[in-house]
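Notes follow the structure.
Values below: every heavy atom of this structure, side chains too, minus hydrogens, waters and symmetry copies. Note that this is a predicted model, so its numbers are computed, not measured.
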Amino acid sequence: MSAGLALVFLLIGLPLMGGVAQVKLKLPLKPRLPLRGNEKIALAPFIIVTEAERARDKRLANVDLQAEFHRFLKKQVDKKTKLEVIETPPDLKLPTQNLAELGRSTEFFRSIGTMTGAEIVVSGSLEFRVEDRSGYKTEEYVSPINQQTYYRQVYVEQTGFLFDIVFLVFDGRSGEKILQDEFKDFRQTGGRRADELQGLFENLFSLENQILNLFVAREREADRYIFTD
C-alpha cells in the first residue's frame, strides 16, 4: 500500500460485528484529460435541452441555465485548478443544436481555439427539469398478528430536479473531440413548488467533484471492511 493511501484511512465509530470494522477510504482519481495543468480553456456555449414540460413551467423558463452553469464552472475551475479560463464572445453561436453533429464540428472548435488562444475548448449540452418519479413500490413488513413477513405495494411520492450535463472537450488547435462524458444528478424536493434555483445549485454542487475530475486529480470516498481480530 502506498504512503498516500495509508494516510486516508478514517475509522468510523463502533465495529459492525465481532472482529470487523468499517473504514472510509479516500481513493485518488486521476484526471480524465491528460493535461499539464496550466492550459488555457475556452468555455463555449452549451446546447440547452428543452422539453414541453420546461416550456409549460414558468419557473424553469426563468432560469438562465447557460449563464448560471458558466458562472459555476468558471468559479470552480478558477478556484480549484491552475487552468486559465477564457470566456468566448457573448454573441458566439453554436453551428448546430444537435449534440452528435456538434461533436463533429471540428472547424468550429478549431476557430475558437485560434480566436482565443485556448488549448482546450469545452461545450456540450445541459438539461434541467422537474421530474416526477412517484409510483407504487414494494415494501416488506412484519405482521403484528402472526409475526410473518409479507410484501405490499405502497405509493411513494418522489418529485425533484434532474440535471443532466454532457461534456464535449475539444483540442483547440485541431478542433478534434478528445473526450465526451455525461453526469446526472436527481435531487428530491419536498414538493413540486420547491425553489428551482436552489435545486439547480444542489445538483451542481453534488456533481462538482465529477466535473472537476475531468481536469484535475480528485478523491472519492469508499467504504471498506477490515478484520480486527
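- Looking only at side-chain heavy atoms (C-beta outward), Ile86 and Ile41 stay at 4.5 Å or farther from each other.
- Put simply, the side chain of Val49 does not reach to within 4.5 Å of the side chain of Phe128, judged on heavy atoms.
- Looking only at side-chain heavy atoms (C-beta outward), Pro45 and Gln66 come within less than 4.5 Å of each other.
- Residues Phe163 and Leu65 are in side-chain contact: their nearest non-hydrogen atoms beyond the backbone lie under 4.5 Å apart.
- The minimum heavy-atom distance linking Ser123 with Leu102 is given by the pair OG-CD2, 3.6 Å.
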Problem set entry | Candidate pair Phe167 and Ile211, rule side-chain contact (heavy atoms from CB on, under 4.5 Å), full reasoning | CA-CA 9 Å; Phe167 271 93; Ile211 292 171; 3.7 Å; yes
Problem set entry | side-chain contact (heavy atoms from CB on, under 4.5 Å) assessment of Val142 paired with Gln148 | CA-CA 6 Å; Val142 178; Gln148 295 293 313; over 6 Å; no
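- The closest side-chain heavy-atom distance from Leu83 to Asn38 is not below 4.5 Å.
- The shortest distance between side-chain heavy atoms of Lys177 and Leu168 falls below 4.5 Å.
- Cluster membership check: Leu33 does not share its hydrophobic cluster with Phe170, using side-chain heavy-atom separations under 4.5 Å among Ile, Leu, Val, Met, Phe, Trp and Tyr.
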For this session: Take Leu94 and Phe46, measure what side-chain contact (heavy atoms from CB on, under 4.5 Å) needs, and give me the verdict at the end.
Result: CA-CA 8 Å; Leu94 294 175; Phe46 278 60; 5.9 Å; no
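- Separating the NZ atom in Lys79 from the NZ atom in Lys74 is a distance of 12.5 Å, to the nearest 0.5 Å.
- When the options Thr106, Leu179, Ile178 are evaluated for a side chain to side chain contact (heavy atoms under 4.5 Å, CB included) with Asp171, the one that passes is Ile178.
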Under 3.5 Å, which donor-acceptor pairs do the side chains of residues 107-122 form with other protein atoms, sequence neighbours left out?
unit_1: Glu107; atom_1: OE1; unit_2: Arg110; atom_2: NH2; d: 2.2
unit_1: Glu107; atom_1: OE2; unit_2: Arg110; atom_2: NH2; d: 3.4
unit_1: Arg110; atom_1: NH1; unit_2: Ser174; atom_2: O; d: 3.0
unit_1: Ser111; atom_1: OG; unit_2: Phe108; atom_2: O; d: 2.5
unit_1: Thr114; atom_1: OG1; unit_2: Arg110; atom_2: O; d: 3.0
unit_1: Thr116; atom_1: OG1; unit_2: Ile112; atom_2: O; d: 2.8
unit_1: Thr116; atom_1: OG1; unit_2: Ala118; atom_2: N; d: 3.2
unit_1: Glu119; atom_1: OE1; unit_2: Lys40; atom_2: N; d: 3.1
unit_1: Glu119; atom_1: OE2; unit_2: Arg36; atom_2: NH1; d: 3.1
unit_1: Glu119; atom_1: OE2; unit_2: Arg36; atom_2: NH2; d: 3.1

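- When atom types are taken as modelled, the side chain of Thr88 and the backbone of Leu43 share a donor-acceptor pair closer than 3.5 angstrom.
- A donor-acceptor contact shorter than 3.5 Å links the side chain of Asn213 to the backbone of Val216.
- Atom CD of Glu176 is separated from atom CZ of Arg104 by 12.5 Å, given to the nearest 0.5 angstrom.
- One distance of note links CG of Asn98 with CD1 of Ile47; it measures 6.5 Å at 0.5 Å rounding.
- If you take NZ on Lys184 and CD on Glu127, they are separated by 8.0 Å, rounding to the nearest 0.5 Å.
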Exercise. Under the side-chain contact (heavy atoms from CB on, under 4.5 Å) criterion, do Thr81 and Leu212 qualify, and how do the steps go?
Worked result: CA-CA 8 Å; Thr81 80; Leu212 286 173; 4.3 Å; yes
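- Between Ile165 and Leu207 the shortest side-chain heavy-atom distance falls below 4.5 Å.
- Minimum interatomic distance between Glu101 and Ser105 (heavy atoms only, all atoms of both residues): O-OG, 3.0 Å.
- Taking the side chain as every heavy atom from C-beta outward, Gln76 and Leu73 never approach each other to under 4.5 Å.
- By the rule that hydrophobic residues join a cluster once side-chain heavy atoms approach within less than 4.5 Å of another member, Leu92 and Leu99 end up as members of one cluster.
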